[in-house]
Amino acid sequence: MSHALVSRRRTPVRPARILLHTFLVVTALAWLAPLLWALLAAMRPYAETSTKGYVSWPDKLSLDNFVNAFQQSDMLHYFGNTLIIAVPAVLLTLLLSSMVAFYVSRFDFRLNLFLLLVFTAGNLLPQQVIITPLYRLYLLIDLPGITMSGKLYDSALGLVLIHVAFQSGFCAFVLSNYMRSLPHELTEAALVDGASVWRLYWQIVLPLCKPAMAALATLLSIWIYNDFFWAIVLISTGENMPITSALNNLSGQYFTDPNLVAAGALLTAIPTLIVYFVLQRQFVSGLTLGANKG
């Protein structure tokens, strides 16, 4: 046994493995280079970079740009706007898509596959194609007393609905495949015992889908948080915009401090990192379980 361990330790490293690790290191550095560059620029004063250029050794590093960016952009207010949009959108998307996935995966009927294709096809439609009719539709829908603007346009409700509409197809597709991998004996036994369809969905199938739901919640939170297109088109009042639009407050009419904008961009990325690290274990386990079953 000891001889086997010694021979294993003396096994030469294969050139292919060296090339693989070299490729992975270079790729990781290539992905991290813009982030590190932005961090370096955010920690340098603009006067220094305007004199020496951005490709130079820094003389002074500080967190002043981060403090100024947080205060000047009123970032806390826009973080609140984003939470008002993202949290209901994620919860509604998971709830509605799980209902569709449960129906098409646990019940056999002629149009179940067609229904799933209809939901999935919505993700293939480019956003720019429907923006003009959607914009006019939002202007025509009156919601007096429900939204501050009195219309679906320029409201958080409008952004929540469009996110739910666009993300439900992908989530329904993923959850339906996951639910198909669950044993049918569970649902059959529950139906024999007299369980209703709602109880079958809410108390039996849905708890078994927690890993997949956590993985989708992570993706949805990041996608909706980083959205800029819908917010800039369907919101006109600056105070109602989400965090991705708060960086506009750091740009002046005649002058823009790139270092200040870099600091603000890094600050806006912090919540997505927190969501990922908090749900990292559930995210990885959800993807693994979905790949191993079925």
Suppose we screen for side chain to side chain contact (heavy atoms under 4.5 Å, CB included). Which residues come up paired with Leu191, at least two apart in sequence or across chains? Leu200
For Asp193, all residues meeting salt bridge (charged side-chain N to carboxylate O under 4.0 Å, His left out), sequence neighbours excluded: none
Linking Ile, Leu, Val, Met, Phe, Trp and Tyr by side-chain heavy atoms under 4.5 Å, what else ends up with Leu29? Val25
Indicate every side-chain donor-acceptor pair of residues 79-88 with a distance under 3.5 Å to a residue at least two apart or in another chain.
unit_1	atom_1	unit_2	atom_2	d
Asn81	ND2	His77	NE2	3.4
Asn81	ND2	Glu239	O	2.6
Asn81	ND2	Met241	O	3.0
Thr82	OG1	Tyr78	O	2.9
Thr82	OG1	Ile243	N	2.7

Quick one: side-chain hydrogen bond (donor to acceptor under 3.5 Å, both in side chains) partners of Ser73, sequence neighbours excluded? none
For Tyr138 and Ser155, which I'm curious about, is there any donor-acceptor pair between the side chains at under 3.5 Å? no
Which residues share a side-chain hydrogen bond (donor to acceptor under 3.5 Å, both in side chains) with Ser196, sequence neighbours left out: none
Using atom types as modelled and distance alone, determine if a side-chain donor or acceptor of Glu48 lies under 3.5 Å from a backbone N or O of Asp59. yes
Looking only at non-hydrogen atoms, find the nearest pair between Met179 and Arg106 and report the distance. O-NH1, 2.6 Å
Residues which pass side-chain hydrogen bond (donor to acceptor under 3.5 Å, both in side chains) with Lys210, listed by chain and number, not counting sequence neighbours: none
Partners of Thr49 by side chain to side chain contact (heavy atoms under 4.5 Å, CB included), sequence neighbours excluded? Arg44, Tyr46, Tyr54, Asn259
Which ILVMFWY residues are connected to Phe23, directly or by a chain of links, through side-chain heavy atoms under 4.5 Å apart? Leu20, Leu24
Review item, side-chain donor-acceptor pairs of residues 225-234, under 3.5 Å, at least two apart:
unit_1	atom_1	unit_2	atom_2	d
Tyr225	OH	Thr268	O	2.4
Asn226	ND2	Ile222	O	3.1
Asp227	OD1	Trp230	N	3.4
Asp227	OD2	Ala231	N	3.4

Kindly give the cluster partners of Val26, where membership spreads through any ILVMFWY side chain lying under 4.5 Å from a current member. none
Can you hop from Phe66 to Leu35 via hydrophobic side chains spaced under 4.5 Å? yes
Could you list the residues that satisfy side chain to side chain contact (heavy atoms under 4.5 Å, CB included) with Asn240, not counting sequence neighbours? Asp154, Ile235, Thr237
